[in-house]
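As structure tokens, the structure follows; a few thoughts come after it.
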Amino acid sequence: LYRCPRCQCVTCCLECCREHKTRSGCTGKRDRTGFCSFKGFSDTQLASDYHFLEDVLKVSEGSKRLYHGICGNSSFKSSTASNKRSKKSYQPGGRVDLGNIAG
């Protein structure tokens with residue numbers, strides 16, 4: 001048995017799964033921003049959420065580089081670098097080091 005990650009429809013085989021997608025217009029892809037109850041939260045869900053946030057960070061950093069490439073504005077970078085409230089440091093691979101935040 002197969003359960004569709006998008007709509008939770010149960011099908012018996014690959015052929016029925018494809019028919020379900022054709023008839024309903026379902027993409028078969030899980031809604032990454034959908035609500036997940038604490039009871040349904042698992043290690044898999046945690047990993048998925050972590051990867052989603054990494055993807056958001058990559059897109060955000062890419063859009064900043066694109067903006068600076070188009071506008072040629074370096075004052076934005078220097079103003080954020082000199083911001084003393086910014087205590088996060090970005091590590092290679094898009095990871096954020098939060099270890100230096102004084103609580």
If you count heavy atoms of other groups shown closer than 6.0 angstrom to CZ of R30, is the number above 12? yes
Is a donor on one side and an acceptor on the other found under 3.5 Å between the side chain of T22 and the backbone of R18? yes
If you count heavy atoms of other groups shown closer than 6.0 angstrom to CZ of R32, is the number above 12? yes
Using side-chain contact (heavy atoms from CB on, under 4.5 Å), reason through K21 and R6 one step at a time and then give a plain yes or no. CA-CA 10 Å; K21 288 180 182 180; R6 179 72 172 185; over 6 Å; no
side-chain contact (heavy atoms from CB on, under 4.5 Å) between C26 and C9, intermediate numbers included: CA-CA 10 Å; C26 181; C9 176; over 6 Å; no
Tightest non-hydrogen contact, residues P5 and Y2, listed as CD-OH, 3.2 Å
Other residues, nucleotides and ligands only: do more than 12 of their heavy atoms fall within 6.0 Å of CD on E15? no
Of all the heavy-atom pairs spanning H20 and C4, show the shortest one and how long it is. NE2-SG, 3.8 Å
Smallest separation among heavy atoms of Q8 and R3, with atom names: OE1-CD, 2.8 Å
Separation of H51 NE2 from L46 CG (nearest 0.5 Å): 9.0 Å
Closest non-hydrogen atom pair, T33 against F52: CG2-CZ, 3.7 Å
Indicate yes or no: at least one non-hydrogen side-chain atom of C7 is less than 4.5 angstrom from one of S24. no
So CG of L1 and SG of C16: to nearest 0.5 Å the spacing works out to 10.5 Å
